[in-house]
Number of protein chains: 2
Amino acid sequence: MDSQFLKKVGLKVTLPRIKILEILESAGTARHMSAEDVYKALLEHGDDVGLATVYRVLTQFEQAGILTRHHFEGGQSVFEMDEGKHHDHILCTKCGRVDEFVDPTIEERQKAIADKFGYTMTDHSLYIYGVCKECRKKEKA
Amino acid sequence: MDSQFLKKVGLKVTLPRIKILEILESAGTARHMSAEDVYKALLEHGDDVGLATVYRVLTQFEQAGILTRHHFEGGQSVFEMDEGKHHDHILCTKCGRVDEFVDPTIEERQKAIADKFGYTMTDHSLYIYGVCKECRKKEKA
DNA sequence: ACGACAATGCAAAAGATTATCATTTGTTTG
DNA sequence: CAAACAAATGATAATCTTTTGCATTGTCGT
């Protein structure tokens, strides 16, 4: 994912956009970041980017298909790099841990349901909430 | 759903709470209301209830299990009376129409996924987004 | 390098929700 | 049934997230 990519989607190659891409790409396990998260990460790296720009760029990246925006419980949107493969999420309500999964059966059923109700499905979101193994251990203690 | 119900869940029987219950019960097709929606409906009925109270009461009702809160796309929370039977939603992104469904296969798969990842499932939310039949017709025209 | 136009930063604004606090209203008790 | 207490309300301010306006700066094609 280099700067050529930005041009391809009609965005100028600017420093803020490059920095934000770097943050998102290097996020590793913490792939699910809010705008605020990205902003803080930028500051920690010594990159001085305005919060408004972070919001603007994340929205543009979403529209360009580079990112996916999720609405987890708790108000703010979180973003993650879109690596081509769609997936859903299961979240721990205690520690915030997020795991990803794909279930072909569920995908199928969803399409069937949309058909049955006469909808053309454009999108869907499935979040499973629960308590992960680690947090259950802690609770007992 | 009478006032005795409120007492049972530890809430005093007050005018605002009764009025809000009435609005929710009589909502009919428009069962999915935001706090603002409820507030406006109250004003239209000539009931003078503060917006803060609406938010407070809706939250209390949610905790009491009378209501379910949903996080549809678009920022604000929407509430609906909980009639015992769990269901998921399919929404039209053009006109805002909402339909409800239950799919036992999906429910099952979700539990299986939670197990597989070591989670104790507490909740889940599934929203299918699409364009309904009516809106497709309008678009062609 | 120049000029057009997009992108940025800052601060103000907007939208949804929550907190504060003085006042009012249910509920409980004598 | 009225006093007494606690809970609930309403108005407003505060908070939090996100968006917008606008002057300034940076990109990119020529």
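Everything numeric here is computed off the predicted structure, so don't read it as measured data. Protein chains get the first letters and strands the later ones, always in sequence-line order, with residue 1 at the start of each.
Contact annotation for Ser34(A): no contact, since no heavy-atom pair falls under 4.0 Å across all strands.
Taking atom NZ on Lys7(A) and atom P on dA7(C), their separation rounds to 13 Å, with Å as the unit. Per the geometry, NZ belonging to Lys12(A) stands 10 Å off P belonging to dT8(C), to the nearest Å. For the pair Glu62(B) CD and dT17(C) C1', the computed distance is 13 Å after rounding to whole Å. Whole-Å rounding puts the His71(B) NE2 to dA16(C) P distance at 14 Å. In this structure, the CD atom of Glu36(B) is 14 Å from the P atom of dT18(C), given to the nearest Å. One atom, CG of Leu51(A), and another, P of dT17(D), lie 10 Å apart when rounded to the nearest Å. If you take CD of Gln76(A) and P of dT17(D), they are 5 Å apart, rounded to a whole angstrom. Residue Leu15(B) contributes atom CG, which lies 16 Å from atom P of dT24(C) at whole-angstrom precision.
Between Tyr55(A) and dT18(D) there is a side-chain polar atom (N or O) within less than 4.0 angstrom of OP1 or OP2. Contact annotation: Thr53(B) reaches the phosphate of dG10(D) (side-chain N/O to OP1 or OP2, under 4.0 Å). A sub-4.0 Å separation between OP1 or OP2 of dA6(C) and a side-chain N or O of Thr14(A) is absent. Close to dG26(C), at under 4.0 Å from its OP1 or OP2, lies no side-chain N or O of Arg17(B).
Side-chain proximity of Ala35(A) to the nucleotides dT17(C), dT18(D), dA8(D) is greatest for dT18(D).
Heavy atoms only, all atoms of each residue included: Arg136(B) and Val131(B) are closest at NH1-O, 3.0 Å. Contact between Leu51(B) and Tyr39(B) at its shortest, heavy atoms only, is N-CE1, 3.6 Å.
Taking 4.0 Å as the cut-off between side-chain N and carboxylate O, Glu134(B) and Lys94(B) do not count as a salt-bridged pair. Glu80(A) and Arg69(A) are not joined by a salt bridge, as no carboxylate oxygen comes within less than 4.0 angstrom of a charged side-chain nitrogen.
Judged by distance alone with a 3.5 Å cut-off, a donor-acceptor contact links the side chain of Arg56(A) to the base of dG9(C).
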Assess whether ring-ring contact (aromatic ring centres under 6.0 Å, His included) is satisfied between His124(A) and His89(B), documenting all intermediate values.
CA-CA 10 Å; His124(A) 72 101; His89(B) 297 86; over 10 Å; no
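Between Pro16(A) and Ser77(B), it is Pro16(A) whose nearest contact on DNA chain C lies nearer the 5' terminus.
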